[in-house]
Visitor: 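Below is one structure. I have some questions about it.
Quantities reported herein were computed from a predicted structural model and do not represent experimental measurements.
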Amino acid sequence: MINDSVLVIVDMLHDFIDGSLACANADNAVDNTLQFIQKTRDEDLPLLFIRDHHPANHSSFREFGGTWPVHCVAGTRGGEIDEKLQPYVDEDLTFDKGCDPAVEQYSGFDGVNAAGQSLGEVISMLEPENVFVCGIATEFCVKNTCEDLKRAGFNVVLLGDCLAYVDAAGHKKALEEMSSEGIQIRS
């Protein structure tokens with residue numbers, strides 16, 4: 001099931017792990033993702049990282065009328081991918097989202113890499129049998145990314161042990177909704 005697949009790693013960033021928006025189960029999510037990557041290294045699984053990458057004046061921040069505290073500002077530690085995953089990061093396969101200060105962007109599907117290609121475009125070029133997804137936070141960026149991938153026609157497999165979330169009830173509800181939409185959830 002791993003061959004001819006890709007792994008999309010959503011927002012495993014410091015601010016969501018131990019920073020201003022630290023999520024429940026974040027350390028476990030990172031460690032379990034690392035184990036999954038290490039178990040599949042010999043299968044040459046492409047790793048695509050999504051990175052919330054906000055300017056300091058982003059509209060999602062409370063001080064600019066948004067819902068959230070300041071988080072994942074480009075160029076700060078909080079906006080960087082966890083150091084345990086850094087050895088696997090390829091900038092060509094890292095997709096930034098939330099870069100426009102006026103636009104809230106939960107899904108990584110339209111996030112772009114340094115070459116200006118979207119996540120959706122790159123995955124389409126790779127033609128995977130399965131798109132495995134893990135990340136932070138289940139209820140927001142993970143769910144929106146999975147739904148966009150599914151709508152684009154991909155077979156989406158969510159790695160249930162590799163998720164962190166804002167709250168347990170929201171996490172459970174998001175998993176139920178994704179499952180009912182045909183997104184497979186694998187423990």
Visitor: In terms of ring plane angle, is the pair H54 and H58 parallel, tilted or perpendicular, where the classes change at 30° and 60°?
Guide: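 Aromatic pair H54/H58 classed tilted.
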Visitor: Quick one: which of V89, V10, D90 gives a side-chain contact (heavy atoms from CB on, under 4.5 Å) with F49?
Guide: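 When side-chain contact (heavy atoms from CB on, under 4.5 Å) is applied between F49 and each of V89, V10, D90, only V89 qualifies.
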Visitor: Find the distance between CG (L175) and CD (E139) and round it off to the nearest 0.5 Å.
Guide: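 Spacing of CG (L175) from CD (E139) equals 9.0 Å.
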Visitor: Between N25 and N28, what is the shortest heavy-atom contact and its length?
Guide: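 Residues N25 and N28, closest heavy atoms: OD1-ND2, 2.8 Å.
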Visitor: Could you measure the distance from the CG atom of L159 to the OG atom of S187? Nearest 0.5 Å is fine.
Guide: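 Here the interatomic distance stands at 9.5 Å.
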Visitor: Of all heavy-atom pairs between A74 and H53, which one has the smallest distance, and what is that distance?
Guide: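 Here A74 and H53 meet closest at CB-NE2, 3.5 Å.
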Visitor: Hydrophobic clustering (ILVMFWY, side-chain heavy atoms < 4.5 Å, transitive) - are L21 and I9 grouped together?
Guide: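 Yes, I9 and L21 fall within the same hydrophobic cluster.
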Visitor: Please round to the nearest 0.5 Å and tell me the distance separating atom CG of L126 and atom CG of L48.
Guide: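 Taking CG in L126 and CG in L48, the distance rounds to 6.5 Å.
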Visitor: Tell me which pairs pass salt bridge (Lys or Arg N to Asp or Glu O under 4.0 Å) where either residue lies in residues 94-110, with sequence neighbours left out.
Guide: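 Listed once each, the pairs are D11-K97, R51-D96, D52-K97.
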Visitor: Drop me the distance from I183's CD1 to N155's CG, to the nearest 0.5 angstrom.
Guide: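 The CG atom of N155 is 10.0 Å from CD1 of I183, to the nearest 0.5 Å.
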Visitor: Rounded to the nearest 0.5 Å, how far does CG of N130 lie from CG of L7?
Guide: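 Spacing of CG (L7) from CG (N130) equals 11.5 Å.
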Visitor: I'd like to check the side chain to side chain contact (heavy atoms under 4.5 Å, CB included) partners of N113; sequence neighbours left out, ordered by chain and number.
Guide: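 Only F95, A115, Q117, V122 meet the side chain to side chain contact (heavy atoms under 4.5 Å, CB included) criterion with N113.
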Visitor: Can you name the side chain to side chain contact (heavy atoms under 4.5 Å, CB included) partners of N57, sequence neighbours left out?
Guide: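 Side chain to side chain contact (heavy atoms under 4.5 Å, CB included) check on N57 returns P55, F64, P101.
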Visitor: Just by modelled atom types, is the P69 backbone N or O under 3.5 Å from a matching donor or acceptor in the H71 side chain?
Guide: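 Judged by distance alone, yes, a pair lies under 3.5 Å.
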Visitor: Check side chain to side chain contact (heavy atoms under 4.5 Å, CB included) between R41 and all other residues, then give those that pass, not counting sequence neighbours.
Guide: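 Testing R41 for side chain to side chain contact (heavy atoms under 4.5 Å, CB included), a comparison that skips the adjacent residues, returns I37, L47, Y88.
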Visitor: Just to verify, which of F140, F16, F61 counts as forming a ring-ring contact (aromatic ring centres under 6.0 Å, His included) with W68?
Guide: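 Considering F140, F16, F61, a ring-ring contact (aromatic ring centres under 6.0 Å, His included) with W68 is found only for F140.
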Visitor: Hey, what do you get for CZ (F109) to CD1 (I123), rounding to the nearest 0.5 Å?
Guide: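 With rounding to 0.5 Å, CZ (F109) is 7.0 Å from CD1 (I123).
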Visitor: How would you list, by chain and number, every residue that makes a side chain to side chain contact (heavy atoms under 4.5 Å, CB included) with A168, sequence neighbours excluded?
Guide: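 Applying side chain to side chain contact (heavy atoms under 4.5 Å, CB included) to A168 gives Y165.
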Visitor: Would you check if the side chain of Q184 reaches a backbone N or O of V157 as a donor-acceptor pair within less than 3.5 Å?
Guide: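 Side chain of Q184 to backbone of V157, a donor-acceptor pair under 3.5 Å: no, none is there.
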Visitor: Is the shortest side-chain N to carboxylate O distance from R77 to D18 below 4.0 Å?
Guide: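 Between D18 and R77 there is a salt bridge, with a charged N closer than 4.0 Å to a carboxylate O.
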Visitor: L149 and V112: same hydrophobic cluster, using ILVMFWY side-chain contacts below 4.5 Å?
Guide: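 No; tracing contacts between hydrophobic side chains, which count when under 4.5 Å, never links both residues.
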Visitor: Excluding sequence neighbours, so at least two apart, what forms side chain to side chain donor-acceptor pair (under 3.5 Å) with E181?
Guide: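 None.
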